[in-house]
Amino acid sequence: MLRSMALSGRDLAGSLSRVTEPLTVKEGAAFRQGWAKLRSDEIARRFGVFCVLAAALALAACASIEPQGDQSFKMEAPPLPPHPPAPENKALAEHNRMVALFDGEYKDPAAERYLNEILAKLAKADDKPSEPYKVTILNSPIVNAFALPPRDLFITRGLLALANDASEVAAVMAHEIAHLTARHAVQREEEEKRAAVISQAATVIQNKQKGAEIEATARRTIATFSRQQELDADQIGIKAIARAGFDPYGASRFLSALGRSAAMRTSLIGQNASADKPDILATHPSTPERVTQAIAVARQIGAPGIGVTDRDSYLAAIDGMIFGDGPSEGVVRGRSFLQARLGFAFVAPEGFALENASKALLGVSGDGNEALRLDSVKAPPGMSLEAYMASDWIDGLMQSSIESVDVNGMPAVIASARAGDWNFRLAVIRFDPTQIYRLIFAMRAQTDANEKRFRGALNSFHRASPEEIREVRPMRISIVTATPGQTPGDLADKMATPDRKLEFFLLINGLEADATVAPGERYKIVVEQE
């Protein structure tokens, strides 16, 4: 499931991911640590993990930068329904909620039919044969999959883009089904409730320090509990796909791809976190740990080479599928972002990596010392931009720094804020009478060079022209056949991704750095739609 960014003074990344609550620059003291939370243990959360691929690959969490209400978020208990919903209605409601969370369904009859055939084989080979799960492809570039009762299996097109054959996808789906059949969610919820009761009692009965120690112990216990659930689901899933005739080593190959994608993204955003360093407080095991155990389970079944991979048929099923950001949700191309539906474009400073995140565009510099957020809110009726800047949407504002400017013909107001070692440059731009765009630029040191970078980013914001909109076309997966004499570099040159084409080509095809391409073999490339 989705992991929401925490709103705390320890996590500016959480602050930069928020739209509807007042932003607090006091949260800035741990800005880089917040970004580091996008680490490998989150990326390896499950087979259906929130795995964000490299920003230039655009396999990042993606959602509209829509005008948001400008009221603080308030937790209120919803009114109880007069009668409990029928089980089938509850399941349908949950299905629809998941589809909405992931930008709707992606309609691809050929791919759906292929995936449902895999699910039918898994159901038929089960110890207790039953009705197969039914797949829904989600229109999201992130890498995720999950199963919901009674028999719903959700998988994103981002995950399908990363997988390379039927056995890998079968392993993902069998893993998610295993979580349901083993009742892992229920078990974890019970463990968390038990830990919460113990922690609360310890805080009341004993001193705060002792209570904190018990709470930390409880967190470690839950982390161990969750890691074991993942390993258990891996083992159940690998045995299930082997019974269905698929290659049991498909699980380890896909997990390796997750680790590589995490490492590539890490290098793009300038963090030094290593994907091979397990975190004792991580809620799930590291990818290397899972790969090792997955290989061990597969070896118990047989030597490499057993089972079906069905690579060619799988590649044919995803040929032409949209890759990365969908055009209606905005498209990242290197440092540039264009939202055709909302009609604006923006360019980040040199050295920034962009992510089209939920309800905002986020960016971070290569050294992690600068970051930005661009989002949109509804313009309060009758409020001037100066009054809005001075309102409580952000703390730490220097009132004397408020200044009116023009941004490509649009009225705007800029200002400064400061918290500890962090400096902030802020801008609010009136895009139309009902819509305001907000730019937050965070930096370690407020220098002339940084001010120039902020001004450059601000002045890059403009209404997209019809020509710009026409030029940005969605990217799609294209399956090509290698010819004699071709190298990975030759095929990578055909990729539409703006940077690191060879690395991306190797990643999405599951190839190592020293790999060659075989004549007559089929490979994935990413091309712009004509």
Applying side-chain contact (heavy atoms from CB on, under 4.5 Å), run through Gln446 and Phe454 and close with a yes or a no.
CA-CA 10 Å; Gln446 193 162 5; Phe454 164 70; over 6 Å; no
Residues that Arg335 engages under salt bridge (Lys or Arg N to Asp or Glu O under 4.0 Å), provided they are two or more places apart:
Glu350
Applying side chain to side chain contact (heavy atoms under 4.5 Å, CB included), can you list everything that pairs with Pro411, at least two apart in sequence or on another chain?
Leu385, Arg430
For the pair His179 and His175, name the ring-plane relationship: parallel under 30°, tilted 30 to 60°, perpendicular over 60°.
perpendicular
Value rounded to 0.5 Å, distance of CG in Leu362 from CD in Glu355
6.5 Å
Show the nearest heavy-atom pair for residues Ile177 and Leu153, with the distance to one decimal.
CG1-CD2, 4.1 Å
Is a donor on one side and an acceptor on the other found under 3.5 Å between the side chain of Lys524 and the backbone of Ala163?
yes
Taking it one step at a time, do Leu338 and Glu471 satisfy side-chain contact (heavy atoms from CB on, under 4.5 Å)?
CA-CA 10 Å; Leu338 187 140; Glu471 288 176 3; over 6 Å; no
Could you tell me whether a side-chain N or O of Asp325 sits under 3.5 Å from a main-chain N or O of Pro141, the two making a donor and an acceptor?
no
Flag side-chain contact, heavy atom, 4.5 Å: Leu162 against Leu258:
yes
Minimum heavy-atom separation for Leu491 to Tyr523, with atom names?
CD1-CD1, 4.0 Å
Taking the side chain as every heavy atom from C-beta outward, state whether Phe505 and Ile525 have any atom pair closer than 4.5 Å.
yes
Kindly indicate whether the side chain of Leu374, heavy atoms from C-beta on, has any atom under 4.5 Å from the side chain of Phe461.
yes
Any Ile477 side-chain heavy atom under 4.5 Å of Leu160 side chain:
no
Does Asn423 reach the main-chain N or O of Arg444 with its side chain, forming a donor-acceptor pair under 3.5 Å?
yes
Minimum heavy-atom distance between Val135 and Glu112, given as atom pair plus value
CG1-O, 3.8 Å
Nearest heavy-atom approach of Leu148 to Phe154 is CD1-CE1, 3.6 Å
Determine whether Ile429 and Leu439 make a side-chain contact, defined as any pair of heavy atoms from C-beta on separated by less than 4.5 Å.
no
Could you pull out the closest heavy-atom pair between Ser401 and Met398, with the gap in Å?
OG-O, 2.6 Å
Okay, side chain of Arg463, backbone of Phe431: is any donor-acceptor separation there less than 3.5 Å?
yes
Side-chain heavy-atom pair Asp108, Tyr114 within 4.5 angstrom cut-off
no
Less than 6.0 angstrom separating the ring centers of Phe346 and Phe337, yes or no?
no
Thr156 side chain vs Asn144 backbone, donor-acceptor pair below 3.5 Å:
yes
So, using ring-ring contact (aromatic ring centres under 6.0 Å, His included) as the criterion, who are the partners of Tyr133 when residues are at least two apart?
none
Is there a donor-acceptor pair closer than 3.5 Å between any side-chain N or O of Glu468 and the backbone N or O of Ser465?
yes
Short side-chain to backbone donor-acceptor contact, Asn509 and Asn164, under 3.5 Å:
no
Can you tell if the side chain of Phe441 reaches within under 4.5 Å of the side chain of Ile414, non-hydrogen atoms only?
no
Rounded to the nearest 0.5 Å, how far does OH of Tyr437 lie from CG of Asp375?
9.5 Å
Check side-chain hydrogen bond (donor to acceptor under 3.5 Å, both in side chains) between Ser404 and all other residues, then give those that pass, not counting sequence neighbours.
Glu386
Arg438 CZ to Tyr388 OH distance, which is reported to the nearest 0.5 Å
4.0 Å
Applying salt bridge (Lys or Arg N to Asp or Glu O under 4.0 Å), name anything that partners Arg473, two or more places apart in sequence or on another chain.
Glu528
With sequence neighbours excluded, residues passing side chain to side chain contact (heavy atoms under 4.5 Å, CB included) with Glu105
His95, Val99, Lys107, Thr136
Sole candidate of Arg425, Glu451, Gln399 that passes side chain to side chain donor-acceptor pair (under 3.5 Å) when paired with Ser416:
Arg425
The reported gap from CG in Leu502 to OG1 in Thr497 (rounded to nearest 0.5 angstrom) is 10.0 Å
Is the closest side-chain heavy-atom distance between Glu94 and Arg97 below 4.5 Å?
yes
Spacing of Arg157 atom CZ and Ile137 atom CD1 [to the nearest 0.5 Å]:
10.5 Å
For Arg453 against Phe352, the heavy-atom pair lying closest together:
NH2-CE1, 3.4 Å
Atom CG of Asn96: over 12 foreign heavy atoms under 6.0 Å
yes
To the nearest 0.5 Å, tell me how far Leu354 CG sits from Leu361 CG.
5.0 Å
